[in-house]
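In what follows, a structure is listed as structure tokens, so that the remarks can point back to it.
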2 protein chains.
Amino acid sequence: MSSRTGFAATSSTGVRSETVRSANLSMLLRELHFRGAASRSELVSRTGLTRSSVGALIGELVKLGLVVEMPAASDGSRGRPSPVAIVRSAENVAIAVDVSVDSIGVAAVGLGGVVLTVERIERARDRVSVDATIADIVATVGMVRARLAQQYRILGIGVAVVGLVQRSDNSVAIAPNLGWRDVRFGDRLGAALGHAAPVCVANDADVAALAEIHRGVAVGVDDVLYVWGEVGVGGGLISKGEMITGASGFAGEIGHLPVNPLGRACQCGSRGCWETEVGEGALLQRAGRSRDGGREAVDALLDDALGGVALAVAALNEEATWLGFGLAGLINVLNPSMVVLGGLFDAVYPFVEGRLLDEIKRRALASSFANLVIVRTALGEDALLLGAGELAFEQVLADPLGAIRALTGSAL
Amino acid sequence: MSSRTGFAATSSTGVRSETVRSANLSMLLRELHFRGAASRSELVSRTGLTRSSVGALIGELVKLGLVVEMPAASDGSRGRPSPVAIVRSAENVAIAVDVSVDSIGVAAVGLGGVVLTVERIERARDRVSVDATIADIVATVGMVRARLAQQYRILGIGVAVVGLVQRSDNSVAIAPNLGWRDVRFGDRLGAALGHAAPVCVANDADVAALAEIHRGVAVGVDDVLYVWGEVGVGGGLISKGEMITGASGFAGEIGHLPVNPLGRACQCGSRGCWETEVGEGALLQRAGRSRDGGREAVDALLDDALGGVALAVAALNEEATWLGFGLAGLINVLNPSMVVLGGLFDAVYPFVEGRLLDEIKRRALASSFANLVIVRTALGEDALLLGAGELAFEQVLADPLGAIRALTGSAL
DNA sequence: TGAGTTTGTCGTATCCACGAACAAACACAA
DNA sequence: TTGTGTTTGTTCGTGGATACGACAAACTCA
């Protein structure tokens, strides 16, 4: 069904002509934000709008302080040179926050996706309460902001949390590793920061997936399955270029796909969940190590495997088999054109590739496997912060005029 | 993220003012098609458009022959009565086709979702070739059309096929039960029917899900998991009110979710697929019956269970357990707000309900289970035809003016 | 029968993109 | 250096589409 008319069909709200303006502004800003600086003539050909329209629209974005135009330098080609429009990264920032168990990361991300400043603080396991977390975030945001020299405004605040996040109200339904339950985290953090910019909270795997489709290996890919492993396993599901959130925002909990009826108990209450077979603990245990050795233990295990230690190799083989078992199922269910592996799975990939692909090929439908690409993440440690930045920018990108107007104290 | 601006954000095509007209026409027609007849004043309040706009738009739909207005009867309330707009069902029909293994169904579905005429022909297992199928469809369409008295026009042709359908080109990638492989079915059927109306082909489970969200129990529900069982198991995934098709259109093949590492071989080449545990064959075999006894054997089994036959009860209990095992996984992955059970699962539901819910509750995340509703399908045998009708109407609904114009010989 | 209410219709205003005409800025060749 | 051709920004008028206000129409109720 190529029914992409350019409008969302389900919204039963009438469309006025101002909506057109808003949509075109949004489109242009998205273009500059995601695909980088572009000359006006490039924008004309990319958008299909006329020169006059693009001129007026860019003018409005400039007036909003989101974009500047460079004075039209000659690039050697014939004809009058076109001024290059570019987002004002340094002046329009998002505060990106990554709430993990062992650390809290905060970054100022400039429009366009540039990480301007990063601060990460480690924290003890007894400082993961909601209040302590918020206090730590506020302090770290202060550090980040102190290091920003120029004048700037904050367009939004994006937060990635290790837990189930209810997207409708930015609340955390449950975060087992933090001991949180039904916390209106977005509201509370917003109040604590005391800033006008909207706060948007999401699950960490979803945020990582967002980073991957906007700034990573999956740029331009419409149907992506992002799989992230560590102690637990999380996933981000992208369909038609958009996140599948599910009814409450809990979609993507692929770590709790039951795969082994005879498996071991999972912390979620079930047993035989995928993450009990492919999580860090299972891998380490199979290699005869302590389940909670963490990333260092995994690295040691991989060294062993390189050295040919049989137990390590066997453990990785079993990891590959179970990884393929679960992935094949998800591929059959979702038919993605790309699977992106992150975290633990990124690390072990070189050791499991052959067996993993065999297992997937054996279990996935041939038609779905045919056009599938499996890749490792291209983003480093800042993936979550990049994604949280995109989360924060989403509102401005969707409606530049409205969002900037909403920031009343936005006199740049 | 409530970034529903009314426009699709990713489309990098400029929006012109004609697009506004098209979107509003589409919206009004959708309203009348899905929610039934409505007075002009109702439409005004539902869409947020002004009286003048609604008047003009309805006028255009009338001119296109899609809608008629009833002469404004008084309904007892104060004020000037508003004329009621209603779709012209009898004059605007879709040809809906259901290609199953044992039979072919063809219906004429009127705009608004009224089934005007149905014909179903049984066919032998040796008449499932592509050519024979197309011939049978053409003949049956002829029978259906002969029974339509009034003058009418065909707006589209929707086809549900038991197999993997590539949505981009309406081709069937593989249909094991029919022995088809890489068949450009849409194009060939269109040519054979020799009609101007566009042909749209989709997987049968997807089509059934479409029927369910538009005309069944899932009307108005945005995130739905439709699960359909028979010999095989299929699924239709709805996210934010739209079908998740996957990159090629193969998404929803939940029957091939691996669930049992020690399971039996599946026809897909893998082993331990969900459908080898919950399909008709498995249920019958566990009850000591022949695997391919078909629906009659299942009914007999259910009778046995009612009579307290131990083997039948045990088989149903095991069915419940495995059904819950797979459903829990899908619920964790997709976080739907409603699961709809069809076919075999609809039939066995009264016998498995308790154990099924227990199993899901045990294995699904509490947060995802909390707001979940599990229901049986509300649609009878014609579900596939209703869904195929919606498939066919989609283009007209998305762009009434353009679609009608494209039907050049559309002089009603 | 008249007052009050709700709704359709018509003309005007507004918003927005398009298109044509013109000017500006460049490369290239004589 | 100058002129030509090319590409692009700008300005202004036009057309499409909805909003808004005024007025007429149709109905209920007292």
Side-chain angles (χ1 to χ4, degrees), chain A residues 5-7 11-28 38-63 67-85 399-402, chain B residues 5-7 11-28 38-63 67-85 399-402:
Chain A
T5 52
F7 290 85
S11 92
S12 57
T13 322
V15 180
R16 289 181 303 279
S17 42
E18 314 161 37
T19 330
V20 173
R21 186 68 158 197
S22 163
N24 284 336
L25 277 175
S26 164
M27 187 184 52
L28 278 180
S39 71
R40 271 206 218 178
S41 57
E42 275 181 274
L43 291 173
V44 166
S45 61
R46 287 220 284 249
T47 63
L49 296 169
T50 57
R51 290 204 296 266
S52 15
S53 302
V54 170
L57 290 164
I58 291 286
E60 188 147 353
L61 290 177
V62 169
K63 217 162 50 182
V67 167
V68 278
E69 281 194 302
M70 311 296 273
S74 160
D75 66 336
S77 69
R78 276 227 278 263
R80 175 173 175 177
S82 196
V84 173
D399 178 14
L401 187 58
Chain B
T5 52
F7 289 84
S11 93
S12 58
T13 322
V15 180
R16 288 181 304 277
S17 42
E18 315 161 36
T19 330
V20 174
R21 183 71 162 199
S22 164
N24 284 336
L25 277 176
S26 164
M27 187 185 50
L28 278 180
S39 72
R40 257 152 79 159
S41 56
E42 274 182 274
L43 292 173
V44 166
S45 61
R46 287 220 284 248
T47 62
L49 295 170
T50 57
R51 292 204 294 267
S52 13
S53 301
V54 171
L57 291 164
I58 291 285
E60 187 146 354
L61 290 176
V62 169
K63 219 162 48 182
V67 166
V68 279
E69 281 194 303
M70 312 295 274
S74 160
D75 67 335
S77 69
R78 277 224 280 261
R80 176 173 174 175
S82 196
V84 173
D399 178 14
L401 187 59

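Residue numbering restarts at 1 for every chain, and letters A, B, ... go by the order of the sequence lines. Atoms considered below: every heavy atom in the structure, side chains included; atoms not considered: hydrogens, waters and symmetry mates.
- In this structure, the CG atom of A:Asp75 is 12 Å from the C1' atom of D:dT8, given to the nearest Å.
- With distances taken from any side-chain atom of A:Leu57 to the nucleotides C:dA17, C:dC28, D:dA26, the minimum falls on C:dA17.
- Looking at the side chain of B:Arg40, the nearest of the listed nucleotides C:dA27, C:dT9, C:dA17 is C:dT9.
- Put simply, CD1 on A:Ile58 is 12 Å from P on C:dA17, counting in whole angstrom units.
- Rounding to whole angstrom units, CD of residue B:Glu42 and P of C:dT6 are separated by 15 Å.
- Atom CE of B:Met27 is separated from atom P of D:dA17 by 14 Å (rounded to the nearest Å).
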Discussion item. Between B:Thr19 and A:Val20, does the side chain to side chain contact (heavy atoms under 4.5 Å, CB included) criterion hold? Intermediate values first, please.
Written reply: CA-CA 9 Å; B:Thr19 330; A:Val20 173; over 6 Å; no

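- Side-chain nitrogen and oxygen atoms of B:Ser41 include at least one within less than 4.0 Å of the OP1 or OP2 phosphate oxygen of C:dT7.
- Rounded to a whole Å, the CG atom of A:Leu43 is 9 Å from the P atom of D:dG9.
- A donor-acceptor contact under 3.5 Å links the side chain of B:Ser52 to the base of D:dC20.
- Taking CE of A:Met27 as the reference point, atom OG of A:Ser22 lies at 11.0 Å (rounded to 0.5 Å).
- Residue B:Arg51 places a side-chain atom within donor-acceptor reach of the base of C:dG8, judged by atom type and a 3.5 Å distance cut-off alone.
- To the nearest angstrom, P of C:dC15 lies 19 Å from CG of A:Leu49.
- For the atom pair CG of B:Leu49 and CG of B:Leu28, the computed distance is 6.5 Å after rounding to the nearest 0.5 Å.
- Within the 4.0 Å cut-off from OP1 or OP2 of D:dT7, not a single side-chain nitrogen or oxygen of A:Ser77 is found.
- Between B:Ser82 and C:dT7, a side-chain N or O to OP1/OP2 separation shorter than 4.0 Å is absent.
- Contact check, A:Ser53 against C:dC18: a side-chain N or O comes under 4.0 Å of OP1 or OP2.
- Looking at which nucleotide of DNA chain C each of A:Ser74 and A:Arg21 is closest to, the 5′-most match is held by A:Arg21.
- Counting to the nearest Å, the C1' atom of D:dG16 and the CG atom of B:Leu25 are 13 Å from each other.
- A sub-4.0 Å separation between OP1 or OP2 of C:dC16 and a side-chain N or O of A:Asn24 is absent.
- From A:Arg16, atom CZ reaches atom CG of B:Asn24 across 10.0 Å, with rounding to the nearest 0.5 Å.
- In this structure, the separation between CG on B:Leu401 and NZ on B:Lys63 is 9.0 Å, given to the nearest 0.5 Å.
- When the nucleotides D:dC29, C:dC18, D:dG5 are ranked by their closest atom to the side chain of B:Arg78, D:dC29 comes out on top.
- One finds no side-chain N or O of A:Arg16 lying less than 4.0 angstrom from the OP1 or OP2 phosphate oxygen of D:dG16.
- Nearer the 5' end of DNA chain D, as judged by each residue's closest nucleotide, is the contact made by A:Arg80, out of A:Arg80 and A:Glu18.
- Between the side chain of B:Ser82 and the backbone N or O of B:Ser41, at least one donor-acceptor pair lies under 3.5 Å.
- When the nearest nucleotides of DNA chain D are assigned to A:Val44 and B:Ser17 by heavy-atom distance, the more 5′-ward of the two goes with A:Val44.
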